[in-house]
> 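Here you go, one structure.
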Amino acid sequence: MSTKVTLKDAGQAHKAVVTSQQKQIAALYEKWADKMAEEAKRYAGSKNSSSALKAQQITQLEGALRKAGRQVANAVNKSVQQSMVRAAQSVVNNNAEWMKKLGFPEDGISAAFSSVPTEIVQNIITGQVYEGGWSLAKSIWGDSEDTLSKAYEMVAGGIAENKSVYDTAKDLEQYVRPSAKKPWNYIFKSVDKVTGKEKTYRVYPKKVDYNAQRLARTLSQHAYQQTMVAVNKDNPLVQKIRWHSTGSRVCPICMERNGRLYDKNEVPMDHPNGMCILEPVYDKDTNKRLADWVDG
């Protein structure tokens, strides 16, 4: 009976979590774009509206934009937390499977690690493992407000260029749809409300879900790695934690860390968008004696 611990299950499970999470977040922004497409249809037949009616329609469009944006931000927050829990749980499950092979009772293992994913995720989302007063909610809402701010600039640009509300809504649909091709930039002139002077605005559309995707990948990775440390820190069989750098474009920091052994309480957290793997390193003699004991 083999008692060798492998990272394939936990690593593959974590990769599956990240892939699922990426699709889910992209789908949330696609729904936002669908909402803007619905708004555009409302104004398709009123391209020559009076200035008063157009102002009212713009207000309605901005209201729909903000409402949909808030819904997306809330849904992203929930998705990220769920993905962190799944990433952490994959490590707990992998560790439990190995301990069961060594003869430890399943009930005892479940009780010992049942609270680990919850504690890890809570420490991450509240920023306890970071510096500078960071929190998940502030980061997501900050990104949402930045996205909305750029969207409002596009609305202002539409007004300045005398676009119809329909055309403005279609611009917004393209902006918030991750799968849509974006122009290199969106430039327009408008009067600054504060100074009263004409100002040139430049909006550089990027994949609008990029920041959310980057945040989700990063926190899922941190949950995975923090859990790997947590379930092994008190295990007397684990001597060190080995860092394995993975991916097609490994950065210099991770290249330097590749294969390095860390004390269990000194394992660094991966950088944003990181996908490196941690491996618990066991005392080979102890592992062999336990294997012989389990095999009878």
Side-chain angles (χ1 to χ4, degrees), residues 4-26 76 79-95 97-98 116-117 120-121 123-125 127-132 134 136 139-140 143 178-179 182 204 206-233 235 238-282 284:
K4 182 181 179 182
V5 66
T6 68
L7 295 173
K8 183 178 179 180
D9 293 339
Q12 289 297 107
H14 177 230
K15 189 178 294 185
V17 167
V18 172
T19 301
S20 172
Q21 174 182 259
Q22 183 176 344
K23 293 178 180 178
Q24 187 176 26
I25 291 176
V76 168
S79 173
V80 171
Q81 293 191 42
Q82 290 174 340
S83 295
M84 283 193 287
V85 171
R86 292 199 300 271
Q89 192 63 53
S90 70
V91 178
V92 170
N93 293 345
N94 184 239
N95 186 69
E97 281 297 315
W98 178 75
V116 170
I120 293 294
V121 170
N123 287 340
I124 290 176
I125 66 176
Q128 292 184 42
V129 298
Y130 306 107
E131 297 178 357
W134 182 94
L136 174 61
S139 183
I140 287 178
D143 178 55
S179 59
K182 307 293 192 294
Y204 299 97
K206 60 184 177 183
K207 296 229 7 161
V208 75
D209 64 334
Y210 173 80
N211 286 340
Q213 296 282 13
R214 180 175 183 265
L215 178 68
R217 283 192 295 269
T218 301
L219 298 190
S220 174
Q221 173 72 350
H222 288 177
Y224 156 75
Q225 290 188 325
Q226 290 278 295
T227 305
M228 182 68 74
V229 172
V231 299
N232 287 294
K233 67 178 182 179
N235 187 337
V238 178
Q239 307 299 304
K240 300 277 186 177
I241 300 289
R242 179 178 282 115
W243 186 285
H244 290 279
S245 298
T246 62
S248 57
R249 293 181 296 176
V250 180
C251 74
I253 294 175
C254 293
M255 283 294 292
E256 192 272 333
R257 291 175 178 174
N258 188 41
R260 177 181 290 189
L261 294 175
Y262 289 94
D263 290 337
K264 290 184 284 185
N265 61 345
E266 295 180 356
V267 180
M269 281 194 293
D270 211 344
H271 56 69
N273 270 341
M275 286 295 291
C276 295
I277 291 175
L278 300 180
E279 175 192 8
V281 178
Y282 299 87
K284 293 181 180 179

> Measuring only between side-chain heavy atoms, which start at C-beta, is Pro117 closer than 4.5 Å to Val92?
yes
> To the nearest 0.5 Å, what is the distance between CZ on Arg217 and CG on Asn273?
4.5 Å
> I need the Lys240 NZ to Lys264 NZ distance, nearest 0.5 Å.
10.0 Å
> Hey, does Asp270 have a side-chain heavy atom less than 4.5 Å from the side chain of Cys254?
yes
> Does some side-chain heavy atom of Met228 sit less than 4.5 Å from a side-chain heavy atom of Val267?
no
> If you compare all heavy atoms of Ser83 against all heavy atoms of Val17, which two are closest, and at what distance to 0.1 Å?
O-CG1, 3.5 Å
> Give, for atom CD of Gln226 and atom CD1 of Ile120, the distance between the pair rounded to the nearest 0.5 Å.
5.5 Å
> Rounded to the nearest 0.5 Å, how far does OG of Ser245 lie from CE of Met255?
7.0 Å
> Looking only at heavy atoms, which two atoms of Ala230 and Val116 are closest? And how far apart?
CB-CG1, 4.1 Å
> Report yes if some heavy atom in the side chain of Leu215 is under 4.5 Å from a heavy atom in the side chain of Asp143; otherwise report no.
no
> Can you give me the closest heavy-atom contact between Gln213 and Ala26, atom names plus distance?
NE2-N, 3.5 Å
> Mind listing the closest non-hydrogen atom pair of Ala216 and Val80 along with its distance?
CB-CG2, 3.8 Å
> Considering only heavy atoms from C-beta outward, does the side chain of His244 approach that of Leu278 to under 4.5 Å?
no
> Drop me the distance from Leu261's CG to Glu266's CD, to the nearest 0.5 angstrom.
12.5 Å
> Evaluate the side-chain proximity of Arg86 to Ser20: yes if any heavy-atom separation is below 4.5 Å, no if none is.
yes
> Is there a side-chain contact between Gln81 and Val85 (heavy atoms, below 4.5 Å)?
no
> For Gln21 and Ser220, run side chain to side chain contact (heavy atoms under 4.5 Å, CB included): C-alpha distance rounded to whole Å, both residues' side-chain angles, the deciding distance at 0.1 Å, then the answer.
CA-CA 9 Å; Gln21 174 182 259; Ser220 174; 4.1 Å; yes
> Mind listing the closest non-hydrogen atom pair of Trp243 and Met269 along with its distance?
CH2-C, 4.4 Å
> Looking at every heavy atom in both Trp134 and Ile125, which two are closest together, and how far apart are they?
CZ3-O, 4.3 Å
> Counting C-beta onward and ignoring hydrogens, is there a side-chain heavy-atom pair between Gln225 and Val229 closer than 4.5 Å?
no
> Taking atom CD1 of Ile124 and atom CG of Leu219, what is their separation to the nearest 0.5 Å?
6.5 Å
